[in-house]
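One structure is given here, and the rest of the page talks about it.
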Amino acid sequence: MEFNDERSEVSAGADGVASTATRGAASLDDCDGQSGRAVLSSDPIAVDLSTAEQAKPGPLLRLVQRQEVAFAAVGGFNTALGIGLTVVWLAVLGDNVPPSVAVAAAYAVSIVIAFVLHRTLVFRVRGHLLRDFLRFVAVNSGGLLLNMALLELAVSVWHFPDKPAAVVVMGLVAFASYFGHRHISFRRRPQVEADHAVG
């Protein structure tokens, strides 16, 4: 009988350890489900990759809730800013300088402001500052060329009225520019790829 009691105590102890281990594994599974990646990672670089390049939503995104709306708001502000800067440069430079110089000067200032606003308020990314800026300029320049080409096609070839055609073309280019900036200018690798790169 004493041997049976000892075996029962040992069995009960083993069951307790197994139960504790099971609860621990379940807890780890819950943590994994919430974070989407390994919890017990001892590599600080792996943790940094998840937070260093993608920031939390800023005040504009918290207000409008959608990235597309935030993009349109920043784009509208930047358009108005570009018009205002052009007028200012025309006044500052005077009649001795071609108007195109004022347009170029306004573009040089407004594109930097647009980059900062899109980066901090819309796409909320961190790191790779120079790379992002060069890609942003490339996408913006591509949009400008596309705008010119489509407007020329609509007016000269399809004979649409110039002003309505300009509005429609600008809307289409702005829509395309959103995806260009999202997938090119401010593109970040998915977290799964980053984890494999670290591992």
Side-chain angles (χ1 to χ4, degrees), residues 36 49-90 98-194:
L49 282 174
S50 65
T51 57
E53 295 187 341
Q54 192 74 39
K56 294 180 180 179
L60 182 59
L61 281 177
R62 288 199 296 268
L63 177 65
V64 301
Q65 299 295 321
R66 292 189 63 86
Q67 194 178 62
E68 299 89 342
V69 178
F71 178 83
V74 170
F77 171 80
N78 191 66
T79 300
L81 178 65
I83 295 172
L85 288 173
T86 302
V87 173
V88 170
W89 279 115
L90 286 171
S100 58
V101 176
V103 173
Y107 179 79
V109 175
S110 64
I111 195 170
V112 175
I113 297 175
F115 171 74
V116 173
L117 293 179
H118 280 98
R119 180 181 171 86
T120 57
L121 296 180
V122 180
F123 297 100
R124 302 289 295 164
V125 295
R126 296 175 180 173
H128 308 295
L129 182 64
L130 180 59
R131 185 194 71 180
D132 288 352
F133 180 70
L134 293 177
R135 289 181 175 182
F136 184 84
V137 172
V139 171
N140 251 32
S141 300
L144 177 62
L145 294 176
L146 181 62
N147 200 332
M148 295 169 62
L150 289 178
L151 184 58
E152 184 68 24
L153 183 65
V155 174
S156 300
V157 178
W158 295 333
H159 305 292
F160 288 123
D162 54 356
K163 293 180 177 62
V167 173
V168 172
V169 167
M170 288 179 65
L172 292 174
V173 172
F175 180 76
S177 295
Y178 167 73
F179 292 98
H181 289 311
R182 181 176 180 179
H183 296 291
I184 298 175
S185 303
F186 303 107
R187 181 180 179 273
R188 293 296 184 268
R189 291 185 302 170
Q191 187 55 44
V192 174
E193 294 181 10

**Request:** Output, in order, the C-alpha distance, side-chain angles, deciding distance and verdict of side-chain contact (heavy atoms from CB on, under 4.5 Å) for L117 and N78.
**Result:** CA-CA 9 Å; L117 293 179; N78 191 66; 5.6 Å; no
Give the minimum heavy-atom separation between [X] and [Y], together with the two atoms involved.
{"X": "A106", "Y": "T86", "value": "CB-OG1, 3.3 Å"}
{"X": "V155", "Y": "A165", "value": "CG2-CB, 4.3 Å"}
{"X": "R135", "Y": "S185", "value": "O-OG, 3.5 Å"}
{"X": "A102", "Y": "L90", "value": "CB-CD2, 3.5 Å"}

Decide yes or no for [X] and [Y]: does some side-chain heavy atom of the first lie under 4.5 Å from some side-chain heavy atom of the second?
{"X": "N140", "Y": "F115", "value": "no"}
{"X": "V139", "Y": "R182", "value": "no"}
{"X": "R119", "Y": "F136", "value": "no"}

**Test item: S156 side-chain N/O and L153 main-chain N/O as donor-acceptor pair under 3.5 Å** =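 No: the side chain of S156 does not pair with the backbone of L153.
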**Prompt:** Does any N or O in the side chain of H183 come within less than 3.5 Å of the main-chain N or O of F179, such that one atom is a donor and the other an acceptor?
**Reply:**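 Between the backbone of F179 and the side chain of H183 there is no qualifying donor-acceptor contact (under 3.5 Å).
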**Item:** Test of ring centre spacing under 6.0 Å for F186 and H118
**Value:** no
Measure the spacing between [atom1] of [X] and [atom2] of [Y] and express it to the nearest 0.5 Å.
{"X": "F71", "Y": "L61", "atom1": "CZ", "atom2": "CG", "result": "12.5 Å"}
{"X": "L144", "Y": "Y107", "atom1": "CG", "atom2": "OH", "result": "6.5 Å"}
{"X": "I111", "Y": "S141", "atom1": "CD1", "atom2": "OG", "result": "6.0 Å"}
{"X": "I113", "Y": "L81", "atom1": "CD1", "atom2": "CG", "result": "4.5 Å"}
{"X": "R131", "Y": "R187", "atom1": "CZ", "atom2": "CZ", "result": "8.5 Å"}
{"X": "T120", "Y": "L60", "atom1": "OG1", "atom2": "CG", "result": "9.0 Å"}

**Message:** Just to verify, which of Q67, Q65, R66 counts as forming a side chain to side chain contact (heavy atoms under 4.5 Å, CB included) with V69?
**Reply:**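 It is R66; the other options fail the test.
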